[in-house]
Amino acid sequence: MPVTFTLSDDRIFFAIDYKPKSTWNLRRLRNIRENPKVALLVDHFDSDWTRLWWTRADGHAEIREHGEERLQGLELLERKYEQYVENPPVGPVVIIRVDHWSGWAFSE
């Protein structure tokens, strides 16, 4: 599932934003509650294949509906995504505590 995210040390934050949703009982949140072990993959594609890369973060996710870490995540997201300043996410914030990083980049 694509997400907008931000990174602070070995923590990745993403939020359930303001798009119309009929419920906060979203499948992605249920999946985390059932099994908090997660992976986030970020890649970069370019028609110049020498610029290709990807990185993967494996860790454990926590859902925050209130509290200091939720507010910190929202602040970091607002700094990164201008549209969140006027319409901040109203749903839970997910925090991934990264246990392992891996990745690849093109090299000759």
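We're numbering straight along the sequence, starting at 1. As a basis for the values below, the full set of heavy atoms in this structure was taken, side chains included, without hydrogen atoms, waters or symmetry mates.
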Linked, directly or transitively: Val93 and Leu76 (ILVMFWY side chains, under 4.5 Å): yes
Derivation and outcome, side chain to side chain contact (heavy atoms under 4.5 Å, CB included), residues Arg79 and Leu77: CA-CA 5 Å; Arg79 279 193 231 156; Leu77 286 163; over 6 Å; no
Can you name the nearest heavy-atom pair linking Gly91 to Arg70, along with the distance? O-NH2, 2.9 Å
With side chains defined as the heavy atoms from C-beta onward, is the minimum distance between Leu29 and Val94 less than 4.5 Å? yes
Verify, without hydrogens or angle tests, whether Arg56 (side chain) and Trp104 (backbone) share a donor-acceptor contact under 3.5 angstrom. no
Derivation and outcome, side chain to side chain contact (heavy atoms under 4.5 Å, CB included), residues Arg11 and Gln72: CA-CA 11 Å; Arg11 294 177 303 161; Gln72 180 186 17; 3.0 Å; yes
Transitive ILVMFWY side-chain link Trp49 to Val42, under 4.5 Å: no
Heavy-atom distance under 4.5 Å between the side chains of Arg64 and Ile95, does that happen here? yes
ILVMFWY network linking Ile63 to Ile12, side-chain heavy atoms under 4.5 angstrom: yes
Mind checking the OH-CD spacing from Tyr84 to Glu78? Nearest 0.5 Å is all I need. 10.0 Å
Return each pair, listed once, that meets side-chain hydrogen bond (donor to acceptor under 3.5 Å, both in side chains) where at least one residue sits in residues 92-103; pairs must be two or more places apart or across chains. Asp10-Trp101, His60-Asp99, Glu62-Arg97, Glu69-Arg97
Got a sec: does the CD of Glu34 have more than 12 other heavy atoms crowding it under 6.0 Å? yes
If we only count heavy atoms from C-beta on, is the Leu74 to Pro88 side-chain gap below 4.5 Å? no
If you count heavy atoms of other groups shown closer than 6.0 angstrom to NE2 of His66, is the number above 12? no
After noting the C-alpha distance and the side-chain angles of Asp17 and Val90, does the key distance pass the side chain to side chain contact (heavy atoms under 4.5 Å, CB included) rule? CA-CA 6 Å; Asp17 61 20; Val90 295; over 6 Å; no
Side-chain contact, heavy-atom cut-off 4.5 Å: Phe13 with Ile96? no
How about Thr6 and Tyr81: does a side-chain donor come under 3.5 Å of a side-chain acceptor? no
Is the NZ or CZ atom of Lys80 both under 6.0 Å from the centre of the six-membered ring of Phe5 and within 45° of that ring's axis? yes
Partners meeting ring pair (Phe, Tyr, Trp, His ring centres under 6.0 Å) with Phe14 (sequence neighbours left out): none
Would you say Leu40 and Leu26 are hydrophobically clustered, going by side-chain heavy atoms of ILVMFWY under 4.5 Å? yes
From CA spacing to verdict: side chain to side chain contact (heavy atoms under 4.5 Å, CB included), Trp54, Leu41: CA-CA 7 Å; Trp54 63 263; Leu41 180 69; 3.6 Å; yes
